[in-house]
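Below is one structure, written out as structure tokens, with a few remarks after it.
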Amino acid sequence: MFEQVKDMLTTELSVNPADITPEAELSNDLGINSLELADLVLLCEERYGLNIGDEDIHSFITVGDVANYLSENVK
């Protein structure tokens with residue numbers, strides 16, 4: 001699932017692929033602001049048919065957090 005998240009970050013949010021690791025923090029390391037995070041969440045919801053709650057979004061600190069959430073919730 002990490003590769004799918006990396007693909008979304010590079011193609012949709014123009015993040016440098018060399019900067020994306022599971023440990024990379026979305027805000028501090030990749031420079032993703034709250035609007036871009038909302039875009040990422042929307043992409044995940046549309047692509048995987050999920051409804052991601054606000055409490056879950058607040059736990060998305062690193063790329064790995066997003067990948068783990070998707071791994072656990074995508075059927």
Side-chain angles (χ1 to χ4, degrees):
M1 194 56 75
F2 169 73
E3 289 300 323
Q4 287 89 335
V5 174
K6 182 176 179 177
D7 179 61
M8 283 188 275
L9 290 168
T10 57
T11 59
E12 304 293 338
L13 299 178
S14 302
V15 176
N16 181 350
D19 295 337
I20 302 172
T21 65
E23 298 81 25
E25 292 188 10
L26 297 169
S27 177
N28 294 336
D29 297 331
L30 303 181
I32 292 177
N33 62 34
S34 57
L35 189 57
E36 291 167 322
L37 178 60
D39 287 343
L40 177 63
V41 168
L42 209 60
L43 286 166
C44 291
E45 288 180 330
E46 289 174 359
R47 184 174 288 186
Y48 299 107
L50 298 173
N51 185 11
I52 302 171
D54 290 342
E55 65 281 353
D56 295 320
I57 296 169
H58 292 299
S59 70
F60 294 169
I61 307 299
T62 67
V63 177
D65 292 336
V66 179
N68 290 338
Y69 177 87
L70 293 174
S71 292
E72 292 170 6
N73 291 281
V74 172
K75 305 272 183 267

Exercise. For side-chain contact (heavy atoms from CB on, under 4.5 Å), just list the numbers for Val63 and Leu30, CA-CA rounded to whole Å, side-chain angles, deciding distance to a tenth of an Å, and then say yes or no.
Key: CA-CA 9 Å; Val63 177; Leu30 303 181; 3.6 Å; yes
Pairs under 3.5 angstrom only: tabulate donor-acceptor contacts from the side chains of residues 43-61 to other protein residues two or more places apart or in another chain.
residue, atom, partner, partner atom, Å
Glu45, OE2, Ile52, N, 2.8
Asp56, OD2, Tyr69, OH, 3.4
Ser59, OG, Asp56, O, 2.6

Quiz item: Can you tell if the side chain of Leu9 reaches within under 4.5 Å of the side chain of Ile32, non-hydrogen atoms only?
Solution: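 They are in contact (side-chain heavy atoms under 4.5 Å apart), so the answer is yes.
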Quiz item: Is Leu26 close to Val66 at the side-chain level, that is, under 4.5 Å between some pair of heavy atoms?
Solution: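 In short, these two side chains touch, coming nearer than 4.5 Å.
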Quiz item: So, Asp39 side chain and Glu36 main chain: donor-acceptor pair closer than 3.5 Å or not?
Solution: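 No, Asp39 side chain to Glu36 backbone: no donor-acceptor pair under 3.5 Å.
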Self-check item: Leu40 side, atom CG; Leu35 side, atom CG - distance, nearest 0.5 Å
Solution: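 Answer rounded to 0.5 Å: 12.0 Å.
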Exercise. Give, for atom CE of Met8 and atom CG of Leu42, the distance between the pair rounded to the nearest 0.5 Å.
Key: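 That separation rounds to 11.5 Å.
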Quiz item: With sequence neighbours left out, what residues match Glu12 under side-chain hydrogen bond (donor to acceptor under 3.5 Å, both in side chains)?
Solution: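 side-chain hydrogen bond (donor to acceptor under 3.5 Å, both in side chains) check on Glu12 returns nothing, list empty.
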Self-check item: Minimal non-hydrogen separation, Pro17 against Lys6, with atom names
Solution: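 In this case the closest contact between Pro17 and Lys6 is O-CE, 3.5 Å.
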Quiz prompt | Minimum-distance pair of heavy atoms, taken over all atoms of Pro22 and Phe2 | solution =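 Minimum heavy-atom contact is N-CE1, 3.5 Å.
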